[in-house]
Amino acid sequence: MSDALRPMARQRLYEQVLDRLRSYVAEADLAAGDRLPPERELAQRLGVSRASVKQAIVVLEVQGLVEVRHGGGTYLTGNSLEPEPVERLVERRRRLPDVLEAREALETKLAELAAERRTEEDLAALRDALRHMADEIEAGGLGVEGDRLFHAAVTAAAHSALLAEFMRSISEQIAESRTESLRQPGRPGRSLAQHRAILDAITARRGKAAATAMRRHVRTVAKVRLLDWNPEDESR
């Protein structure tokens, strides 16, 4: 029998809520910084449960399209709610634990080696990266580029060609995990402080301390909203 005639998947209720919210934002001409109606109001107007609305909001949050301020409502981070296919979101959620596990194994060792092998030029690059990240955060950004520069500088300071090649091989997935992490409320400033602790240990040539500081940092990075999301938990 032709696979083209297989049963069609039924759209989940929260996906229908997502479609309605995207239409609402476009029709109401909402923009970055504007607030969505409260969950209770959305549920009443759409004729669905608050649980379905909440799950739709979580999808938008892990996509970085809205910011949920506890006790303060839900705000757009851009001028639209352009969709990312839920299937792609599920795939990112599936592979993220493996990426984070690889990051911990590789970057912990890189930090230790950096403390043992770093040069003054390496320290200058690390400090420049932290300044860049601090400037980004002060300007209201997430510090993504500064974060990338810092971890690249740690890798360079380790002077291990093979470990650097391993890091390059998963650079795309690392960039994805970096963005997921820095989207978390309060995370950019916390990451910057953890980077400073790593730099302090590398500067002092304390290899074990640098490894411990990096491990603590990567485990913080692993705490992202996307991993708490389960697309099968919606109420219908």
Side-chain angles (χ1 to χ4, degrees), residues 62-64 84 87-134 136-137 141-184 187-188 190-229:
V62 299
Q63 289 175 329
E84 174 183 5
E87 292 76 13
R88 188 184 304 164
L89 196 63
V90 170
E91 175 59 22
R92 284 203 285 119
R93 183 188 184 280
R94 184 194 65 77
R95 66 173 175 262
L96 190 55
D98 288 341
V99 174
L100 294 168
E101 183 177 71
R103 282 195 67 178
E104 181 174 340
L106 290 170
E107 296 197 64
T108 298
K109 186 60 179 180
L110 285 166
E112 182 177 0
L113 292 175
E116 297 169 357
R117 302 174 178 177
R118 60 49 168 195
T119 65
E120 289 304 315
E121 291 77 11
D122 293 326
L123 291 180
L126 287 162
R127 293 180 187 121
D128 285 345
L130 286 191
R131 279 193 291 269
H132 190 101
M133 187 175 184
E136 285 183 284
I137 295 171
L142 298 178
V144 173
E145 179 61 11
D147 186 285
R148 184 192 71 78
L149 290 171
F150 180 80
H151 286 276
V154 172
T155 298
H159 298 280
S160 171
L162 189 55
L163 288 179
E165 180 60 32
F166 288 156
M167 290 294 288
R168 281 191 293 272
S169 72
I170 59 170
S171 60
E172 185 176 337
Q173 293 92 331
I174 288 176
E176 194 173 78
S177 72
R178 174 177 294 117
T179 302
E180 292 288 353
S181 175
L182 291 172
R183 283 174 179 166
Q184 311 307 301
R187 183 66 58 77
R190 185 176 181 186
S191 286
L192 180 60
Q194 290 177 337
H195 285 174
R196 287 178 175 143
I198 294 166
L199 175 56
D200 287 345
I202 291 174
T203 300
R205 295 191 185 277
R206 298 169 58 220
K208 296 302 182 185
T212 297
M214 181 63 83
R215 183 175 296 107
R216 182 179 299 116
H217 172 58
V218 176
R219 288 180 179 177
T220 297
V221 168
K223 297 172 184 176
V224 297
R225 190 69 176 90
L226 179 59
L227 293 178
D228 294 333
W229 175 63

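No hydrogens, no waters, no symmetry mates; every other heavy atom, side chains included, goes into these values. All residue numbers in this chain count up from 1 along the given sequence.
Atoms CG and CZ, from L126 and R131 in turn, are 10.5 Å apart once rounded to the nearest 0.5 Å. Within the model, atoms CG of L142 and CG of D147 stand 10.0 Å from one another, a figure rounded to the nearest 0.5 Å. Once rounded to the nearest 0.5 Å, the distance linking CG of D98 with CZ of R103 reads 14.0 Å. Rounded to the nearest 0.5 Å, atoms CZ (R215) and CD (E104) are 6.0 Å apart. Once rounded to the nearest 0.5 Å, the distance linking CG of L110 with CD1 of I198 reads 11.0 Å. Atom CD of residue E136 and atom CG of residue L182 lie 9.0 Å apart, to the nearest 0.5 angstrom.
In this structure, D122 contributes its side chain and T119 its backbone to a donor-acceptor pair below 3.5 Å. Side-chain atoms of R127 do not come within 3.5 Å of backbone N or O of L199 as any donor-acceptor pair. A distance-only check finds no donor-acceptor pair linking the side chain of S171 to the backbone of M167 [under 3.5 Å]. Under a 3.5 Å cut-off, the side chain of S191 and the backbone N or O of P188 do not form any donor-acceptor pair.
In this structure, E165 places its CD atom where more than 12 heavy-atom neighbours from other residues, nucleotides or ligands lie under 6.0 Å away. Taking a 6.0 Å sphere around CD of E116, one finds it holds more than 12 heavy atoms contributed by other residues, nucleotides or ligands.
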Could you go through D200 and T203, starting from their C-alpha distance and side-chain angles, then the distance that decides it, and tell me whether this counts as side-chain hydrogen bond (donor to acceptor under 3.5 Å, both in side chains)? CA-CA 5 Å; D200 287 345; T203 300; 5.4 Å; no

Test log, rule side-chain contact (heavy atoms from CB on, under 4.5 Å), inputs R148 and V144: CA-CA 6 Å; R148 184 192 71 78; V144 173; 5.7 Å; no

Start with the C-alpha distance between I202 and L123, add both sets of side-chain angles, then the distance that settles side-chain contact (heavy atoms from CB on, under 4.5 Å), and finish with yes or no. CA-CA 8 Å; I202 291 174; L123 291 180; 4.1 Å; yes

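Side-chain contact between S160 and R117: present, with at least one pair of heavy atoms (C-beta onward) separated by less than 4.5 Å. For the pair L113/H159, no side-chain contact is recorded, criterion being any heavy-atom separation below 4.5 Å from C-beta on. Side chains of Q194 and V221 form no contact here, defined as non-hydrogen atoms less than 4.5 Å apart. Between V154 and E107 there is no side-chain heavy-atom pair separated by less than 4.5 Å.
Residue E145 forms a side chain to side chain contact (heavy atoms under 4.5 Å, CB included) with just one option from R178, H132, M133, and that option is H132.
When all heavy atoms are compared, the tightest approach of R168 to A161 is NH2-O, 4.3 Å. For A210 against A115, the heavy-atom pair with the smallest separation is CB-CB, 4.1 Å. The two residues L163 and K109 make their nearest non-hydrogen contact at CD1-CG, 4.1 Å.
Salt-bridge formation is detected for the pair R118/E120: a Lys NZ or Arg NE/NH1/NH2 atom is positioned less than 4.0 Å from an Asp or Glu carboxylate oxygen.
Below 30°, between 30° and 60°, or above 60°: for H195 and H217 the angle between ring planes is above 60°, a perpendicular geometry.
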